[in-house]
Protein chains: 2
Amino acid sequence: MKDFPARTGITLEDVAKAAGVSRSQASRALRNDPGVKDDTKAHILATAADLNYTPNLAAQTLASRQSRSIGLVVGDVLNPYEAMLARECDRTLRDAGYFAMLAVSGTTSTIRAFIDQRIAGLVLIGAPAERDEIVAVSKLLPTVYIGRDLKSEKVESISSDDALGARLATEFLLKLGHRDIAHITGGPGAGAQRRADTYRKVMQEHGVKPNIVEGRYNVDAGSTATDTLMARKDRPTAIFAANDLIALGAISRLAWHGFRVPDEVAVVGFDDIPMAASEPISLTTVRQKVPEMVAAAVETLTTRLNDQAAPIRNIVIAPELITRRSSGAEV
Amino acid sequence: MKDFPARTGITLEDVAKAAGVSRSQASRALRNDPGVKDDTKAHILATAADLNYTPNLAAQTLASRQSRSIGLVVGDVLNPYEAMLARECDRTLRDAGYFAMLAVSGTTSTIRAFIDQRIAGLVLIGAPAERDEIVAVSKLLPTVYIGRDLKSEKVESISSDDALGARLATEFLLKLGHRDIAHITGGPGAGAQRRADTYRKVMQEHGVKPNIVEGRYNVDAGSTATDTLMARKDRPTAIFAANDLIALGAISRLAWHGFRVPDEVAVVGFDDIPMAASEPISLTTVRQKVPEMVAAAVETLTTRLNDQAAPIRNIVIAPELITRRSSGAEV
DNA sequence: GTGAAAGCGCTAACAC
DNA sequence: GTGTTAGCGCTTTCAC
């Protein structure tokens, strides 16, 4: 039976009294403010631990006019990639001494509620979609956006290098000898566009014709696009999907049509969601480095929290290609 | 450009002054406490709106000794079913006037952090796994567990009727004429066990031999179990998977082996995650009614929050069978 | 280096 | 019905 701390009624006052010091000193010691003699501090800390003291956050927030809770807005938790980011953010923020308040419906009203709550900062994961909105929010409080490069908007952001990722995938397929490589896009978003553009460019660089089908970042789009692709007389021998969900849709549909993956059609995705690594899927994909991205995001945010004047940072992280069976390369 | 409320420096005092009343009356009016004349109240509310007043939550919490934040602990956000529950909880809680603080690593230390935060209550989604721990936590503050029936532990819970779900799936397959129906389990958990037990019972009731392979609630387990199943000489003509992830693994692997779904093997899952509805998968499955479960959970929690002495509730919700192509039934 | 005193913005008796 | 008076538990000048 784990023992959880009962909500102790112990206050700073109790600790101070027990330690024989004033509340101010106790407060300073606990927050390790400078200006407390080392042994006094040690004594206070010991006493606090002894009494099982836990500070009252509400009081702290009220008195200091700053909280340690961070709003974490996730556009679509049902997208495994965003879920991975959210989970990692939660952990990292906690480790950094903050509390994450998650909202999984990234609407304006949600963010408004957060602001009313007087959170210290905001981490936005793929939401809101509108640039205007992001900019508006970021002016109100420290904000970092994960998933898109917002350099031109002057909003701090962490993103992954979509162009590089698309290049890795396309060149890999090319190197494997494929010429008829199709690309299923992820829709009109900037990231998806960059992936498509880079794919096109790389194909042209190698003197082969691009073959693009419009899609969306979900399974159904992958399926539909695959139907389109395989109905043509010049079928592709490889498909580069703008994300793993699309790739999953493609693989499923390919199987339904009776095409063998990777023998008849090689498939490469983007993101590296957990399912991509699963045995029956074994999807070759461009991994977005979630831990690195989140670490950078939290670092950026905490830096700003401690210094409003810190320069705006826009970090772009390089993804890496993870080869598995779906592409037919020796793994 | 959406306009977000700037963090107004407006306090209750300002509102009271502007409305020409005392702080107490303003406070009462804003929280619509009884004992404020209707037009006074209207006037105060109007003034507050005018001034763009938003209450300081920290001050409220401190003064009233109760917060409106609810800890939401999710065992595994990467499980789409839990992600669905989490999203719905977030929304519902917000609509009920609470704030959800999400933690996606359902460890003891996380919960401890929540308690330190002096949250009002806790919603546990599939975590912690240990009964002891759940019981310990629930003694400390209002808690409702989603996903398991904790009646015997005297912990409020909302669960879905696993036995009924398993029965629906098995009988459906039987009705379709299948006799060789295999079941891939979800592991040692109580819910998974109940599904397996019920499957076995229903099979026996119909005079056919159960065929159980041990699994886990994930794609790989579905794949592995399928290998086992299809390697035997008496191959099943239908598979009832303990959840959708397993079913997905089975379908993928079946395709890999060259078996047609549903022609050669029918597949039925459990949960109804979004991917189950996708075109290329089209999985027949037992839907757990997420909105109903969450509504019940939030209702249960808020009831307790308002009345510590309320009787403990353990609500079990009936799932329903959703037929799609994977089972071969006419849809 | 330490303590005293004054709030932070609100709620909750208690009077009127 | 409405206002007055104390705090809630902490941080933060400002003296010493």
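Keep in mind that what you see is a predicted model, and the values were worked out from it rather than measured. Side-chain atoms are counted along with the backbone in the values below, which use heavy atoms only and exclude waters and symmetry mates. Quick note on labels: first sequence line is chain A, next is B, and so on, each numbered from 1.
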*Asks:* Taking side-chain contact (heavy atoms from CB on, under 4.5 Å) as the criterion, tell me which of B:V298, B:T302, B:V123 meets it with B:T92.
*Replies:* B:V298
*Asks:* Measure from CZ on A:R118 to P on C:dC8 and round the result to the nearest Å.
*Replies:* 14 Å
*Asks:* Hey, mind stepping through B:L122 and B:F114 against side-chain contact (heavy atoms from CB on, under 4.5 Å) and telling me if it holds?
*Replies:* CA-CA 9 Å; B:L122 216 43; B:F114 271 163; 3.9 Å; yes
*Asks:* If you measure only the distance, is there a donor-acceptor pair under 3.5 Å linking the side chains of B:S69 and B:S67?
*Replies:* yes
*Asks:* Taking the minimum atom-to-atom distance to the side chain of A:L62, which one of C:dC10, D:dG9, D:dG3 wins?
*Replies:* D:dG9
*Asks:* Rounding to an integer number of Å, can you tell me how far B:D14 CG sits from C:dG9 P?
*Replies:* 9 Å
*Asks:* Could you tell me whether B:K17 atom NZ has more than 12 heavy atoms of other residues or ligands within 6.0 Å of it?
*Replies:* no
*Asks:* What integer distance in Å separates B:L57:CG from D:dC8:C1'?
*Replies:* 15 Å
*Asks:* For B:T40 and D:dT2, is the shortest distance between a side-chain N/O and OP1 or OP2 below 4.0 Å?
*Replies:* yes
*Asks:* Of B:G20 and A:P55, whose nearest nucleotide on DNA chain D comes first from the 5' end?
*Replies:* B:G20
*Asks:* Do any N or O atoms from the side chain of B:R65 and from the backbone of B:A63 form a donor-acceptor pair under 3.5 angstrom?
*Replies:* yes
*Asks:* Five pairs at each end of the helix from C:dG1-D:dC16 to C:dC16-D:dG1: take the axis at both ends and give me the angle between them to 10°.
*Replies:* 30°
*Asks:* Could you tell me how far apart A:H43 (NE2) and C:dT2 (C1') are, to the nearest whole angstrom?
*Replies:* 15 Å
*Asks:* State, yes or no, whether a side-chain contact exists between A:P128 and A:I134 at a heavy-atom distance under 4.5 Å.
*Replies:* yes
*Asks:* Checking B:T303 side chain against B:E299 main chain: does a donor-acceptor pair fall under 3.5 Å?
*Replies:* yes
*Asks:* Could you tell me whether the side chains of A:Q288 and A:Y81 share a donor-acceptor contact shorter than 3.5 Å?
*Replies:* yes
*Asks:* Ignoring the backbone of A:Q25, work out which of C:dG3, D:dG3, D:dG9 is nearest its side chain.
*Replies:* C:dG3
*Asks:* Quick check with a 6.0 Å cut-off and a 45 degree axis cone: is B:R68 positioned over the face of B:F99's six-membered ring?
*Replies:* no
*Asks:* Rounded to whole angstrom units, what separation is found between the CZ atom of A:R68 and the C1' atom of D:dC10?
*Replies:* 15 Å
*Asks:* Using a cut-off of 4.0 Å between protein heavy atoms and nucleotide atoms, how would you tag nucleotides 11-16 of chain D 5' to 3' with B, S and -?
*Replies:* BBBB--
